[in-house]
Amino acid sequence: MADRYRAVLAIVTDVSAPPWGELTRSVLPTAFNESGLDWQEVDYVRSAPGLLVAAPAATAGRLAEGFVQALADALPGLSGPVRLGLGLAVGICHRDAKGWFGDAVTTARRLAKPASTSEDVRLAISTVVQDIVGAFGPDYTEVADAEPPYWVRMASGRRLSPAVLPARVTPAVTDIAEVVHTIAEPVASFAEQLPLMLSSDVAPSDVLAWMYRALGVDSPRLLDDRNGRRLLSRLMRCYKRRGTASGLAELIELRYGVDAEILDPGGTTWSTSFHAPLRQPPASVTVFLDTDKPLDGLDEVIRSALPVGVGFQISCRQHR
């Protein structure tokens, strides 16, 4: 099976005979459904010292947020008390007949440690997952003395007494609530996952294809998934530096694999901020290349990265 981006969840426990069968038949599916995830989309395997769950990379945000509490709430359904330690990472993985392998698997296993005696679930997330969750996610405690650092969150199951159970509602109220939930849930889910879907590291392949088109670049059909994502990540950085000499040089190197040097004769103004005043008339720049071979579409690439009104000429560096 080809390499692919996955959110990898490593699960360990503090009991000598873990109830993995109960966990995969009822507890984990319940926790996934309660947090708006689909258990049918995951692949899980027994892998010492615990369980490995590989899910689509776009689920990492929810796994780091609502899933932890949902899992803690579902644990009382087991036949005996169990405390779980979870490690969550995102990255390229490979699946073969023996299981899942890759950097994300290694990281998730390293982060998974059994919960303390006062908590039901301990979740540790990698730096990549923390970047996905961001400032708007739940509170995590940073373990800064680790190398690399990671973040931890604890959760205990909610065990309500009869005195605090929700009040009884009428069928009409229940019907209205179900309708509202049916309409609002897909919208909320899409809004929640949008920043993740637009990340070049974990975006689905169809979203990547749209991002290539939106940035005006042909889809890199000759590149594998990993190098295609790296290309897109660098391309986005280039677009942030459009209108600068270094941005133009990097764009040419990225597009054609050719080193370029941009020479400004002194008559050109390169602005460092938006709406900068024009201090002198625009002139032209010289683009020196390390090749004398014709590059298809080079004029359009250069023109797209130059300030409006600035001309250019192309020369071969070896002829200087």
Side-chain angles (χ1 to χ4, degrees), residues 6-15 18-39 41-42 44 49-90 104 107-144 146 149-161 163-166 185 188-189 192-193 196:
R6 283 289 183 267
V8 179
L9 194 66
I11 306 175
V12 297
T13 181
D14 61 345
V15 298
W20 299 125
E22 288 185 272
L23 278 169
T24 55
R25 284 194 304 268
S26 60
V27 173
L28 287 173
T30 298
F32 264 71
N33 294 334
E34 288 296 324
S35 51
L37 300 170
D38 187 356
W39 178 249
E41 293 182 347
V42 311
Y44 63 89
L51 188 72
L52 277 179
V53 178
T59 65
R62 290 202 173 189
L63 286 172
E65 294 177 352
F67 172 75
V68 185
Q69 187 61 57
L71 179 59
D73 292 339
L75 284 181
L78 293 174
S79 55
V82 173
R83 291 183 173 86
L84 300 179
L86 282 63
L88 178 61
V90 175
T107 301
R109 282 175 169 162
R110 176 178 60 85
L111 296 176
K113 299 177 182 178
S116 65
T117 56
S118 60
E119 304 289 347
D120 293 327
V121 178
R122 174 191 184 271
L123 172 64
I125 61 176
S126 66
T127 303
V128 174
V129 179
Q130 171 64 15
D131 291 340
I132 294 171
V133 174
F136 301 101
D139 292 333
Y140 276 84
T141 301
E142 181 180 5
V143 182
Y150 60 92
W151 286 258
V152 174
R153 180 187 178 199
M154 313 294 287
S156 291
R158 299 188 183 99
R159 300 174 177 85
L160 299 180
S161 64
V164 296
L165 288 176
E185 177 65 19
S189 176
E192 178 182 308
Q193 299 299 323
L196 182 62

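The analysis underlying the following values was restricted to heavy atoms, covering all of them including side chains, and did not include hydrogens, waters or symmetry mates.
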Beyond-backbone contact of [X] with [Y], side-chain heavy atoms, under 4.5 angstrom:
| X | Y | answer |
| --- | --- | --- |
| Trp151 | Glu142 | yes |
| Tyr44 | Leu52 | no |
| Leu84 | Asp120 | no |
| Tyr150 | Thr127 | no |
| Val8 | Val90 | no |
| Thr30 | Leu28 | no |
| Val42 | Leu37 | no |
| Leu123 | Val152 | no |

Examine distances only and state if a side-chain atom of Arg109 and a backbone atom of Ala10 form a donor-acceptor pair shorter than 3.5 Å.
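Looks like no, no N/O pair under 3.5 Å.
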Would you check if the side chain of Thr107 reaches a backbone N or O of Ala104 as a donor-acceptor pair within less than 3.5 Å?
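Answer holds: no.
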Val129 and side chain to side chain contact (heavy atoms under 4.5 Å, CB included): which single residue from Leu63, Leu88, Leu111 fits?
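That would be Leu88; it is the only one of Leu63, Leu88, Leu111 passing the side chain to side chain contact (heavy atoms under 4.5 Å, CB included) with Val129.
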For [X], give me all partners under side-chain contact (heavy atoms from CB on, under 4.5 Å), at least two apart in sequence or on another chain.
| X | answer |
| --- | --- |
| Val27 | Leu23, Leu71, Ala74, Leu75, Leu78 |
| Pro18 | Thr13, Val15, Trp20 |
| Pro56 | Glu41, Thr59 |

Grab the two heavy atoms, one from Ala64 and one from Ile125, that are nearest each other, plus how far apart they are.
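For Ala64 versus Ile125, the nearest heavy atoms are CB-CG2, 4.4 Å.
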What are the two closest heavy atoms between Ala70 and Ala31, and how far apart are they?
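For Ala70 and Ala31, the tightest heavy-atom pair comes out as CB-O, 3.7 Å.
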Could you check, using the six-membered ring where one of them is a Trp, whether Trp39 and Phe32 have ring centers closer than 6.0 angstrom?
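Between Trp39 and Phe32, the centre distance is under 6.0 Å.
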Spacing of Glu65 atom CD and Ser35 atom OG [to the nearest 0.5 Å]
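That separation rounds to 10.0 Å.
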Gap separating the CZ atom of Arg83 from the CG atom of Asp14, nearest 0.5 angstrom
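The CG atom of Asp14 is 6.5 Å from CZ of Arg83, to the nearest 0.5 Å.
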